[in-house]
Amino acid sequence: MSDPIALLKSAIDEAVSTIRGNRDGGAEPILERPPKAELGDYSTNGAMLLAPALGAPPRAIAEQLREAVVESLSGSVDRLEVAGPGFLNLYVSDRWCREAVGAVLAAGPQFGSLPPGSGERVSVEFVSANPTGPLTAASGRHAAYGDAIANLLEARGCIVEREYYNNDAGGQIDRLVASVAARMRREPVPEDGYAGEYLVEVAAQLAADGLSPDDHDGLFTAAPAKILGSIEQTLRSFGVEFDSFVSERRLHDSGAVAKILADLRASTHCYESDGARWLRTTSFGDDKDRVLVRSSGEPTYLAADLAYHRDKLERGAERMISVLGADHGSHPPRIRAGLAALGYDPKRYRAPIIQMVQLSSGGARAKMSKRAGSFVPLDEVIAEIGADATRFLMLQRSNDSELELDLELAKRQSADNPVYYVQYAYARINSILRKSGEGLMAIDPEAIAEVAVEPSERRLIKRLIELPVEIEESAKRLGPHRLSAYGMAAAADFNAFYRDCKVLGAPDRVEPARLAVCVACGSVLARTLALLGVSAPESM
RNA sequence: GCGCCCGUAGCUCAGUGGAUAGAGCGCAUGCCUCCGGAGCAUGAGGUCACAGGUUCGAAUCCUGUCGGGCGCGCCA
């Protein structure tokens, strides 16, 4: 019994497909929790889905379905009832619940996971902020999101490479060098340069390293490297570790960009116009063609980006995920077009878009600009709110929604941050387990299988065994925010259980039975927090 | 004008075909001789932006309208 819900579902699926016979039609039946406890523990809509194909009333088909599963589910359910428009409601037995807890304990930290390495090799690229300044709060959202989906994919058995594309080439680095050189000379930074105060410190460090403001080539390498170093530090303090940093410059220097250009030129998808070379991305669904080589002879960002994506594939990625900001929302079509033009399947590429972070302070909006130097550094957010609270806060929202972050409010509320609700429940559990002493040893699955299950205990157990589905859905949709909602719900269910069901000192076999529930809940909460990249302290 | 995203409780947001739409914060009122009160309980608060359509069933899918964000460079 590795996944209790999956076993129930397979019994239903089997019966539904038997009833359906060789008629086609009907979506996959779902097993869900009814809105009210009186309607049972689980419910399936299989009969309603079959109704059109069979031309019979849903409730009659539900009766048929009930007959079909009554045998195979006899050990698991106390009752099966047809209800409402044609739902079949399942009332699982206490014993089934106890066995479900046992299944969670047996699976341990692997509960809800597929075997490591059983999935595809996936490259997850995220943050990839230009090495021209510190990470902003917005980058923090990218970091939290990218790391979480990487965790989720690993839970689904994928071999994941967390990757940062370092844009250490191009005009922005020239502007950075000019700005740093100005700082080194104590001159005003150029009009189109980076005015942020942080460059004063960078300039001082570079001077201490023996670099001269006149040494453009030296600074072109050293300045972005210095800034990337501090970006890495910020990421580390946020709990995000990358497996690889890929340098855009290296793609140019190694000839990878030139090779892409040659290959595309040899294809039928390139043409010359206005002195530039274009890629006919409109043939692959883009809304306008894109320049690959400027009339100056310089390759564009797109050319390098395509070289980068081919590089990922050549390093073994079967799928590529690029986490992009809303301001890069027009990129995916041109990348797909380029991949298709190069003969790769564009479906191997996915690009979730992270909407903007709207920062404010006490209700007043703060406009962010790295160029102008007006932005809130991620370091500052972490220092004031904490890495755990920041990550949880940022992962509560869907990536498709804008995130409003009021720093004053977040500071004031940090003690009320939902993350502590989940962590607190986990700490409570550990407090109970610490005090239980020998009690943990007494957990014997057979001995506790017949212990009655209280209503709030039943709710908690059902919540715990939803974890596999939550992981699967969150991974499939690249939506880790589902998981923070799940963590909150599981913590709330634990608190209700804690209120209603005394654990320590409960009579006879009730104590070990409830301790087993505590252990299972602790395991699920720790797992949920870990997937979100949030710590799970045993006391706080 | 075109493309992508969003519009759900006072605020911030979950909910991508199921039964009477949820959470956190805020507000009101209760709960510590009892395993951690960073907790629990109860309550007030909703035309799910609007209008059509699809179907047994729509906050969810389709079309249109309105409102907000982002983009529409031989920048990245």
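Convention: sequence-line order gives letters A, B, ...; per-chain numbering from 1. Just so it is clear, the values below take in all heavy atoms, side chains as well, and ignore hydrogens, waters and symmetry mates.
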Exercise. If we call it a pair only when both distances are under 3.5 Å in a Watson-Crick or G-U wobble match, what pairs with B:A28?
Worked result: B:U42
Exercise. Rounded to whole angstroms, how far apart are CD1 on A:Ile353 and P on B:C4?
Worked result: 12 Å
Exercise. Is it true that A:Lys312 and A:Glu125 have a side-chain N and a carboxylate O under 4.0 angstrom from each other?
Worked result: yes
Exercise. Counting just side-chain N and O atoms, does A:Lys288 come under 4.0 Å of either OP1 or OP2 of B:G3?
Worked result: no
Exercise. Where do A:Arg482 and A:Glu472 land on the salt bridge (charged side-chain N to carboxylate O under 4.0 Å, His left out) test, with the steps shown first?
Worked result: CA-CA 11 Å; A:Arg482 296 173 53 98; A:Glu472 183 183 356; over 6 Å; no
Exercise. Which whole-number value in Å describes the distance from A:Glu38 CD to B:A19 P?
Worked result: 15 Å
For this session: State whether A:Lys502 and A:Glu454 are salt-bridged, where the test is any N-O pair (Lys NZ or Arg NE/NH1/NH2 against Asp/Glu carboxylate O) under 4.0 Å.
Result: no
Exercise. Quick one: A:Met356 CE to B:G71 P, roughly how many Å, whole number?
Worked result: 6 Å
Exercise. So, does the side chain of A:Ser43 form a donor-acceptor pair with the base of B:A19 at under 3.5 Å?
Worked result: yes
For this session: Using the C1' atoms only, state how far B:U8 lies from B:G22, rounded to an integer number of Å.
Result: 10 Å
Exercise. Side chains of A:Asp305 and A:Tyr165: do they bring a donor and an acceptor to under 3.5 Å?
Worked result: no
Problem set entry | Pair assignment for B:C66, Watson-Crick or G-U wobble, requiring both distances under 3.5 Å | B:G7
For this session: Select one nucleotide: of B:G36, B:G24, B:C75, the one nearest the side-chain heavy atoms of A:Ser431.
Result: B:G36
Exercise. From B:C74, B:C75, B:G18, pick the nucleotide closest to the side chain of A:Ile30?
Worked result: B:G18
Exercise. Which whole number of Å gives the distance between the C1' atom of B:G73 and that of B:U60?
Worked result: 38 Å
Exercise. With sugar-phosphate meaning primed atoms plus P, OP1 and OP2, does A:Lys502 contact a base, only sugar-phosphate, or nothing at under 4.0 Å between heavy atoms?
Worked result: base
Problem set entry | Nucleotide of B:A76, B:G3, B:G36 approaching A:Asn130 most closely (side-chain heavy atoms) | B:A76
For this session: Write down the distance separating the C1' atoms in B:G10 and B:C62, rounded off to the nearest Å.
Result: 34 Å
Exercise. Under 3.5 Å, is there a donor-acceptor pair between the A:Asn89 and A:Glu81 side chains?
Worked result: no
Exercise. Think A:Arg499 has a side-chain N or O under 4.0 angstrom from the OP1 or OP2 of B:A41?
Worked result: yes
Exercise. Do A:Ile173 and A:Pro131 touch side chain to side chain, with heavy atoms closer than 4.5 Å?
Worked result: yes
Seminar exercise, completed: When A:Leu88 and A:Leu403 are each assigned the nearest nucleotide of RNA chain B, the 5'-most assignment goes to A:Leu403
Exercise. Looking across every strand, which nucleic acid part, if any, lies under 4.0 Å from A:Cys501 by heavy atom: base, sugar-phosphate, or nothing?
Worked result: base
Problem set entry | Atom-pair distance (CG on A:Leu302; C1' on B:A76), nearest Å | 12 Å
Exercise. So what does A:Asp305 hit on the nucleic acid, given a heavy-atom distance under 4.0 Å: a base, only sugar-phosphate, or nothing?
Worked result: nothing
For this session: Give A:Glu298 one of three labels, base, sugar-phosphate or nothing, depending on what nucleic acid heavy atoms sit under 4.0 Å from its own.
Result: nothing
Exercise. If you measure from the ring centre of A:Tyr424 to the centre of the six-membered ring in the base of B:G36, is it under 5.5 Å, with the planes under 30° apart?
Worked result: no
Exercise. Can you find an N or O donor on one side and an acceptor on the other, under 3.5 Å apart, linking the side chain of A:Asn89 with the base of B:A19?
Worked result: yes
For this session: Say whether, by atom type as modelled, one donor and one acceptor occur between the side chain of A:Asp388 and the main chain of A:Val534 under 3.5 angstrom.
Result: no
Exercise. Could you go step by step and tell me if A:Asn495 and A:Tyr424 meet the side chain to side chain donor-acceptor pair (under 3.5 Å) rule?
Worked result: CA-CA 10 Å; A:Asn495 282 329; A:Tyr424 182 75; over 6 Å; no
Exercise. So what does A:Arg477 hit on the nucleic acid, given a heavy-atom distance under 4.0 Å: a base, only sugar-phosphate, or nothing?
Worked result: base
For this session: Give the rounded distance in Å between these two atoms: CG of A:Leu405 and P of B:C13.
Result: 10 Å
Exercise. So what does A:Pro58 touch, heavy atoms closer than 4.0 Å: a base, only the sugar-phosphate, or nothing?
Worked result: nothing
Exercise. Is any side-chain N or O of A:Asn45 under 3.5 Å from a base N or O of B:G18, one able to act as donor and the other as acceptor?
Worked result: yes
For this session: For B:G67 and B:A59, measure between their P atoms and round to the nearest Å.
Result: 25 Å
For this session: Round to a whole Å and report the spacing from CD1 of A:Ile61 to C1' of B:C56.
Result: 11 Å
For this session: Please measure how far the P atom in B:G15 lies from the corresponding atom in B:C34, and state the result in whole Å.
Result: 41 Å
Exercise. Is there a donor in the side chain of A:Tyr308 and an acceptor in the side chain of A:Glu163, or the other way round, less than 3.5 Å apart?
Worked result: yes
Exercise. Think A:Tyr486 has a side-chain N or O under 4.0 angstrom from the OP1 or OP2 of B:G15?
Worked result: no
Problem set entry | A:Ser398 side chain near B:C13 phosphate (N/O to OP1/OP2, under 4.0 Å) | no
Exercise. Which value, in whole Å, describes the distance between the C1' atoms of nucleotides B:G7 and B:C50?
Worked result: 11 Å
Problem set entry | Rounded distance (Å) that lies between atom C1' of B:A14 and atom CD of A:Glu470 | 12 Å
For this session: Measure from the ring centre of A:Tyr498 to the centre of the six-membered ring in the base of B:C35, then say whether that distance is under 5.5 Å and the planes meet at under 30°.
Result: yes
Exercise. For A:Phe494, is the NZ or CZ atom of A:Arg428 found under 6.0 angstrom from the centre of its six-membered ring and inside 45 degrees of the ring axis?
Worked result: no
For this session: Using the C1' atom as the reference point in each nucleotide, state the distance between B:U47 and B:U54 in Å, no decimals.
Result: 22 Å
Exercise. Does B:A23 have a Watson-Crick or wobble mate here (both distances under 3.5 Å), and if so which one?
Worked result: B:U12
Problem set entry | Watson-Crick or G-U counterpart of B:U54, or none if no pair lies under 3.5 Å | none
Exercise. Start at the 5' end of RNA chain B and walk down; is the nucleotide closest to A:Val293 or to A:Pro418 reached first?
Worked result: A:Pro418
Exercise. Is any side-chain N or O of A:His481 closer than 4.0 Å to OP1 or OP2 of B:G15?
Worked result: yes
Exercise. Out of B:A76, B:G69, B:C75, which has the shortest distance to the side chain of A:Gln172?
Worked result: B:A76
Exercise. How long is the line joining CZ of A:Phe497 and P of B:A41, in whole Å?
Worked result: 15 Å
Exercise. With distance as the sole criterion, do the side chain of A:Ser330 and the base of B:G71 form a donor-acceptor contact below 3.5 Å?
Worked result: no
Exercise. Between A:Arg334 and B:A76, is there a side-chain N or O to OP1/OP2 distance below 4.0 Å?
Worked result: no
Exercise. What is the nucleic acid contact for A:Glu538, judged by heavy atoms within less than 4.0 Å: base, sugar-phosphate only, or nothing?
Worked result: base
Exercise. For the side chain of A:Ser401 and the base of B:C13, is some donor closer than 3.5 Å to an acceptor across the two?
Worked result: no
Exercise. If the P atom of B:G45 is compared with that of B:C61, how far apart are they to the nearest Å?
Worked result: 30 Å
For this session: Respond yes when some side-chain nitrogen or oxygen of A:Arg294 is under 4.0 Å from OP1 or OP2 of B:C75, and no when none is.
Result: yes
Exercise. Which nucleotide, in any strand shown, forms a Watson-Crick or G-U wobble pair with B:G17, with both distances under 3.5 Å?
Worked result: none
